[in-house]
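Here is the structure we will look at.
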Amino acid sequence: MLVRDLSETDLLASFVPLLPAGRATRLGPGDDAAVLGVAGDLVVTTDVLVEDRHFRTAWSTGEDVGWRAAMQNLADVAAMGAEPTGLVVALAMPGDTPAAWVTDLARGLAAACAPHGVGVIGGDLSGGPAICVAVTAFGELDGRPPVLRSGARVGDVVAVAGTLGRSAAGLALLTAHEYDGVVPPPGTDLLTRTYRRPDPPLTAGVEAAHAGATAMLDVSDGLLRDAGRIATASGVALDLDVGALAPDVELLAEAAESLGVDPLAWVLTGGEDHALLATFPPGALPASFRPVGRVGSGKGVTLDGEPWVGSFGWDHFGY
C-alpha cells in the first residue's frame, strides 16, 4: 500500500501509536501543538534529512532514517550540556512512498528516543518531490548554564566522547559498492551500520557540563571543521594529537586499504558519528572523554603543530 492510497487520518493512525511519550511530555500528538514540562531554560535545535542528499532508500530502511534523524538532533542537544526531552517531526514525501516506510520511520524514531525518555510529541505531514525528514528537538538544562563553543581557554585539554570516522567509512563503502562494484571487506558491517544508525554518547553531554567543560559541540561536519568552529568562537588555537587518534585510524585501516584511501582522512573529516568534541580545564576530564589535543594561543586548527592539507569536512553547499 502506498501513501497516496491512505487518507492523512489513516496514515497518522498507522504510526502515531508507535511513538514514545517521553518523561517530560504533558500533551502529545492530537492537538494543534504539544506541551512539554520543563524546569528552567529550554534548548532547541533542528536538522533535516533529504533523500538522495543525506540518505538513499536503497541503503537505508525507514527505521534507519528515523533513528538517524533522531540521533543527529539529540546529539546537538547533548552538546549544549542539556538532557533531551522531546522532538517534533515534519515529513514530506511523494505519494508513491510505501506506507510501510512511514511506519518503519516511526519505529526508528521510537527506538532512538524511548531508551532516553525522549518523547516524539508531534509534527506535520506533506506531499513533496522527495522524502524529507525535518526534526526539531528540545532539551532542558536543569539550572545549568549551556556549554557554548566560545568558552575554550588557553591550556585546556581538547577531548572527544564517541567514535570518529566510522560513518564516513561506511558511506564510502556503500558508495563504492553501488557505483564501482567494490565488495566491502569482512568485518566492515560495523562501519556501514554506524553510517545508517550512529550512536552518539548522549549522556556524555550532561557529564561534560558537570565536569566543567569550557566549550563543546557535536561533530557533525568533521573533526577538523568543528574543531575550527570552537577555535574561531573562542579566539584560540586547537592543536590535535595525531597519535591520540591512532585507535580510530586503526579500526578503519582495512576498509581504507580496500578503497585506496587514507583512513586518517575519514577520522579528521567524517562527521556523522556525532561524537562530542569538548575542551576542559586540566584535570577535569570526565570518564567518557579521551584527550586528543590542547588549546593554545593563536587561531585555527593544527595536527601535531602542522596545518592539514586537504578537505576540512562536510560543506552543505560544496558537494
Side-chain angles (χ1 to χ4, degrees), residues 19-29 33-47 69-89 109-110 112-123 135-162 199-220 226-227 229-236 274-291 295:
L19 302 175
R23 66 184 179 280
T25 304
R26 301 295 177 261
L27 180 66
V35 179
L36 281 176
V38 297
D41 292 337
L42 182 69
V43 171
V44 183
T45 186
T46 191
D47 214 334
M71 283 301 186
Q72 67 185 34
N73 282 276
L74 299 181
D76 281 335
V77 172
M80 300 297 292
E83 190 170 7
T85 55
L87 53 83
V88 294
V89 182
L109 290 166
C113 292
H116 300 283
V118 175
V120 182
I121 57 175
V135 174
T136 299
F138 306 92
E140 57 183 340
L141 290 161
D142 197 25
R144 296 181 300 276
V147 184
L148 309 180
R149 301 177 180 187
S150 55
R153 300 178 296 222
V154 173
D156 282 350
V157 177
V158 181
V160 168
D199 191 17
L202 299 182
T203 59
V206 172
E207 184 183 5
H210 283 304
T214 53
M216 184 161 55
L217 50 62
D218 155 40
V219 182
S220 57
D226 288 321
R229 288 169 173 152
I230 287 180
T232 298
S234 299
V236 295
H274 296 290
L276 298 182
L277 177 67
T279 58
F280 297 89
L285 205 66
S288 58
F289 282 79
R290 54 194 168 103
V295 178

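Position 1 is the first residue of the sequence; numbering continues from there.
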Donor-acceptor pair, [X] side chain versus [Y] backbone, under 3.5 Å?
X: T46; Y: V135; answer: yes
X: N73; Y: D47; answer: yes
X: T45; Y: V77; answer: no
X: D41; Y: P145; answer: no
X: R153; Y: T214; answer: no
X: R149; Y: A227; answer: no
X: R26; Y: A24; answer: yes

Note, [X] side chain near [Y] side chain (heavy atom, < 4.5 Å):
X: T279; Y: V157; result: no
X: L74; Y: H274; result: no
X: I121; Y: V88; result: yes
X: M71; Y: D199; result: yes
X: T203; Y: S288; result: no
X: P200; Y: Q72; result: no
X: C113; Y: L87; result: yes
X: V295; Y: I230; result: no

Looking at every non-hydrogen atom in both residues, tell me the closest pair between [X] and [Y] and how far apart they are.
X: L148; Y: M80; answer: CD2-CE, 3.9 Å
X: P29; Y: G122; answer: CG-N, 4.1 Å
X: A209; Y: V147; answer: CB-CG2, 3.9 Å
X: E207; Y: P286; answer: OE2-CB, 3.4 Å
X: D218; Y: D226; answer: O-OD2, 3.6 Å
X: A159; Y: L285; answer: CB-CD1, 3.3 Å

Q | All side-chain hydrogen bond (donor to acceptor under 3.5 Å, both in side chains) counterparts of R23, not counting sequence neighbours | A | E83
